[in-house]
Visitor: 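Structure in structure tokens, see below.
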Amino acid sequence: MASQRLRVAVVGGGIGGLCLAQGLKRAGVDVTVYERDRTADSRLQGFRLNIEPTGSTALHACLPPALWEVLVATAGDPGAGITFLDERMRTLVRIGQDGGDRDPLDPATGWHAVSRITLRRLLLAGLDDVVRFGKEFTGFARADDGTVTAKFADGTTATADVLVAADGVNSRVWAQLHPAAGRTTLPATAVAGKLFLTEDNRRWLPEQLLAGMNVFWPRRDFLFTAIFRRREDPAAITARLGDRVRALGLEPERLLADAHDDDYVLWAFIAHRDSLPADFTPQAQADPAAVRAMLARRAAGWHPDLRRLLADSTPDTLYRTEFSAAEPLQPWQTGNVTGLGDAVHHMPPVGGLGGNAALRDAHWLCAALTAADRGEQPLPQALRAYEADMLRHGFETVREVVRNTDAAIVRSPLKRSASRWFFRACGAVPPLGRAVFGDR
């Protein structure tokens, strides 16, 4: 392998697969991404993603500097810390409010509220010669010479030295590699939506909902809110960074075509599935009017501004989902097929931890493959070290998210009251809060 450059095939063009491709291309490694979507614009939808320092570090390492600066400019500041409140908007505890000023360009401290639309556009930038669209993966075969060949539904194949599963929750690559991999279905139902920051909405929205991230801990159910408000206007970004973007062979106007997505407040409501009314059937869950009626009933007694947030959100932004989590895997012998992100350790979309874990995987796998490509480390050894770290961190994150989800949907009035009392105690005794929650 030392005398021959590495060839890497990535199945899946999500944020993890594209971040890996950006990093490998930047390092001069031969990489190709095979994406089942037919065009780059097939999935221009979704909600805000909270990029923490872990994800920021990965993106900073893998993206060209100009794209990193554009990403920071098009993102928003998620605010200082997280505030826990009750359903009447009374503060229980504030976490991470005293972190001081952060430099958004510093990946070690930067937190970013990133539009998934814009992030996908940026991650695809400059990869026209790398990403192959319309490639539905059907299986892989290993050869005696150490290569692996991916097969696609259109009858084509692609041979590489390493195949990476980056094709998400229902990964076909990972299913073939680990057919016994399982998942746990969690008894949680979530509904999310957007309230756009129109002039009228800005007039009545309380500052608490405009300031950052909030966790509401009612006597039943759970609500999360976050602000998505860009740092800069796309025109200002073009004026400031246009020349650097053009130097990459890209047109700033095309790159930022989706950066005009209106600012909004994101909210996510989570409830225990068995506690929802019997008439909230799968058919009703597909009806925005029925979803809003259910939310109105569940939020009766909440602060009027919270009820209005749910009621006034744009109907076509409502999104409902069920939760599941990957089950830990038994150790295996490392080969030339590996994986990252949701393909391996998928988790509920609580707190955005899954996206950050996928970016971290991409960063570490990029480093491992680059070291092998340059002859600095044998490929099996590099992949073995990557997989050990990826599995440890990935499933630690899964367990954390599952614990948080279980706490959010717990139905015991006693346990919910105890949680509220504990949060209030942490707020009243700052040293206790710091000991419990640490620094954000």
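We number each residue from 1, following the sequence as shown. All values below come from the heavy atoms of this structure, side chains included, with hydrogens, waters and symmetry mates left out.
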Visitor: Side chain of Arg298, backbone of Ala293: donor and acceptor closer than 3.5 Å?
Guide: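 Answer holds: no.
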Visitor: Tell me yes or no: between the side chains of Arg132 and Thr156, is some donor less than 3.5 Å from an acceptor?
Guide: no
Visitor: With a 4.5 Å limit on heavy-atom distance, are the side chains of Leu365 and Tyr386 in contact?
Guide: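 Counting from C-beta outward, Leu365 and Tyr386 do come under 4.5 Å.
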Visitor: Using the rule given for side-chain contact (heavy atoms from CB on, under 4.5 Å), can you reason through Val191 versus Trp267, listing the C-alpha separation, both sets of side-chain angles and the distance that settles it, and then say yes or no?
Guide: CA-CA 8 Å; Val191 178; Trp267 57 264; 3.9 Å; yes
Visitor: Kindly determine whether Leu177 and Val173 satisfy side-chain contact (heavy atoms from CB on, under 4.5 Å), including the steps that lead there.
Guide: CA-CA 6 Å; Leu177 185 66; Val173 181; 5.5 Å; no
Visitor: Give, for atom CD1 of Ile227 and atom CG of Asp263, the distance between the pair rounded to the nearest 0.5 Å.
Guide: 7.0 Å
Visitor: Sub-3.5 Å donor-acceptor pair from the side chain of Arg202 to the main-chain atoms of Leu197, do we have one?
Guide: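 Checking the backbone N and O of Leu197 against the side chain of Arg202, a donor-acceptor pair under 3.5 Å is found.
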Visitor: Can a salt bridge be assigned to the pair Arg203 and Asp200 using a cut-off of 4.0 Å between side-chain N and carboxylate O?
Guide: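 Yes, Arg203 and Asp200 are salt-bridged.
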Visitor: Just by modelled atom types, is the Lys151 backbone N or O under 3.5 Å from a matching donor or acceptor in the Thr138 side chain?
Guide: yes
Visitor: Any side-chain heavy-atom pair from Cys62 and Arg26 closer than 4.5 angstrom?
Guide: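 Not in contact.
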Visitor: Ring-plane angle category for Phe423 and Phe84, please: parallel below 30°, perpendicular beyond 60°, tilted otherwise.
Guide: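 Phe423 and Phe84: tilted rings.
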Visitor: Just so I know, are the side chains of Trp364 and Met390 near enough to count as touching, which here means a heavy-atom distance under 4.5 Å?
Guide: no
Visitor: Would you check if the side chain of Arg416 reaches a backbone N or O of Val410 as a donor-acceptor pair within less than 3.5 Å?
Guide: yes
Visitor: If we only count heavy atoms from C-beta on, is the Val130 to Val31 side-chain gap below 4.5 Å?
Guide: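 The answer is yes, as the side chains (C-beta and beyond) meet within the 4.5 Å cut-off.
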Visitor: Does the side-chain contact (heavy atoms from CB on, under 4.5 Å) test come out yes or no for Val402 and Thr184, once each step is laid out?
Guide: CA-CA 10 Å; Val402 170; Thr184 299; over 6 Å; no
Visitor: Checking side-chain polar atoms at under 3.5 Å, does Trp204 have a donor or acceptor matched by the opposite partner on Asn201?
Guide: yes
Visitor: State, yes or no, whether a side-chain contact exists between Val215 and Phe222 at a heavy-atom distance under 4.5 Å.
Guide: yes
Visitor: Any idea which heavy atoms bring Pro218 and Trp302 closest together, and the distance?
Guide: CG-CZ2, 3.5 Å
Visitor: With rounding to the nearest 0.5 Å, note down the distance linking CZ in Arg116 to CZ in Arg120.
Guide: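 Separation between the atoms: 11.5 Å.
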Visitor: Where is the tightest heavy-atom contact between Leu340 and Ala362, given as atom of each residue plus distance?
Guide: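 Residues Leu340 and Ala362, closest heavy atoms: CD2-CA, 4.2 Å.
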Visitor: Just so I know, are the side chains of Leu391 and His345 near enough to count as touching, which here means a heavy-atom distance under 4.5 Å?
Guide: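 A side-chain contact is absent here, since even the closest heavy-atom pair is not under 4.5 Å.
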Visitor: Measuring from atom SG of Cys19 to atom CG of Leu59, what distance do you get when rounded to the nearest 0.5 angstrom?
Guide: 5.0 Å
Visitor: Does a donor on one side chain sit under 3.5 Å from an acceptor on the other, for Glu232 and Thr74?
Guide: no
Visitor: Measure the CD-CG distance between Gln22 and Leu127 for me, rounded to the nearest 0.5 Å.
Guide: 4.0 Å
Visitor: For Lys415, is there an ion pair with Asp406 - N to carboxylate O distance below 4.0 angstrom?
Guide: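 No, Asp406 and Lys415 are not salt-bridged.
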Visitor: Roughly how far, to the nearest 0.5 Å, is CG of Asp243 from OG1 of Thr238?
Guide: 10.5 Å
Visitor: Considering all heavy atoms of both residues, which atom of Ala58 and which atom of Arg360 are nearest to each other, and what is their separation?
Guide: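 That closest heavy-atom pairing would be CB-N, 4.2 Å.
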Visitor: So does Gly81 get a backbone contact from the side chain of Arg94, meaning a donor-acceptor N/O pair under 3.5 Å?
Guide: no
Visitor: To check you understand the geometry: which heavy-atom pair defines the closest contact between Glu69 and Leu105, and what is its length?
Guide: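 In this case the closest contact between Glu69 and Leu105 is CG-CD2, 4.1 Å.
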Visitor: Calculate, to the nearest 0.5 Å, the distance between atoms CG and CG belonging to Leu195 and Asp262 respectively.
Guide: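 Between atom CG of Leu195 and atom CG of Asp262 there are 11.5 Å.
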Visitor: Main chain of Val72, side chain of Arg231: is a donor-acceptor contact present, judged purely on distance under 3.5 Å?
Guide: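 Yes; at least one donor-acceptor contact below 3.5 Å.
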Visitor: Using the rule given for salt bridge (charged side-chain N to carboxylate O under 4.0 Å, His left out), can you reason through Arg392 versus Asp389, listing the C-alpha separation, both sets of side-chain angles and the distance that settles it, and then say yes or no?
Guide: CA-CA 5 Å; Arg392 177 194 60 78; Asp389 178 82; 3.0 Å; yes
Visitor: Quick check against the 3.5 Å criterion: does Arg220 have a side-chain atom that pairs as donor or acceptor with the backbone of Ala271?
Guide: no
Visitor: Decide yes or no for Asn356 and Ile51: does some side-chain heavy atom of the first lie under 4.5 Å from some side-chain heavy atom of the second?
Guide: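 With C-beta onward as the side chain, the pair touches.
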Visitor: Donor-acceptor check, side chain of Asp167 to backbone of Arg172, threshold 3.5 angstrom: yes or no?
Guide: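 Such a contact is found between Asp167 side chain and Arg172 backbone.
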Visitor: How close do Asp221 and Ser275 get, heavy atom to heavy atom, and via which atoms?
Guide: OD1-OG, 4.3 Å
Visitor: Is Asp129 salt-bridged to Lys25, cutoff N-O under 4.0 Å?
Guide: yes
Visitor: Indicate whether the side chain of Thr338 and that of Glu387 have a donor and an acceptor atom separated by less than 3.5 Å.
Guide: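 Note: Thr338 and Glu387 side chains meet the donor-acceptor criterion.
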Visitor: Do Ser171 side-chain atoms and Ala165 backbone N/O form a donor-acceptor pair below 3.5 Å?
Guide: no
Visitor: Using every non-hydrogen atom in the two residues, find where Arg48 and Pro78 come nearest and quote the distance to one decimal.
Guide: NH2-CB, 3.2 Å
Visitor: Side chains of Thr185 and Arg273: closer than 4.5 Å at any heavy-atom pair?
Guide: yes
Visitor: With a 6.0 Å cut-off (strictly less than), is the heavy-atom count around CZ of Phe152, excluding the residue itself, greater than 12?
Guide: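 Yes, the 6.0 Å shell around CZ holds more than 12 heavy atoms from other groups.
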Visitor: How far apart are the C-alpha atoms of Phe323 and Val350, what are their side-chain angles, what is the distance that settles it, and do they pass the side-chain contact (heavy atoms from CB on, under 4.5 Å) test?
Guide: CA-CA 10 Å; Phe323 286 174; Val350 175; 3.9 Å; yes
Visitor: Return yes if some donor-acceptor pair links the side-chain N/O of Gln208 with the main-chain N/O of Arg90 below 3.5 Å, else return no.
Guide: no
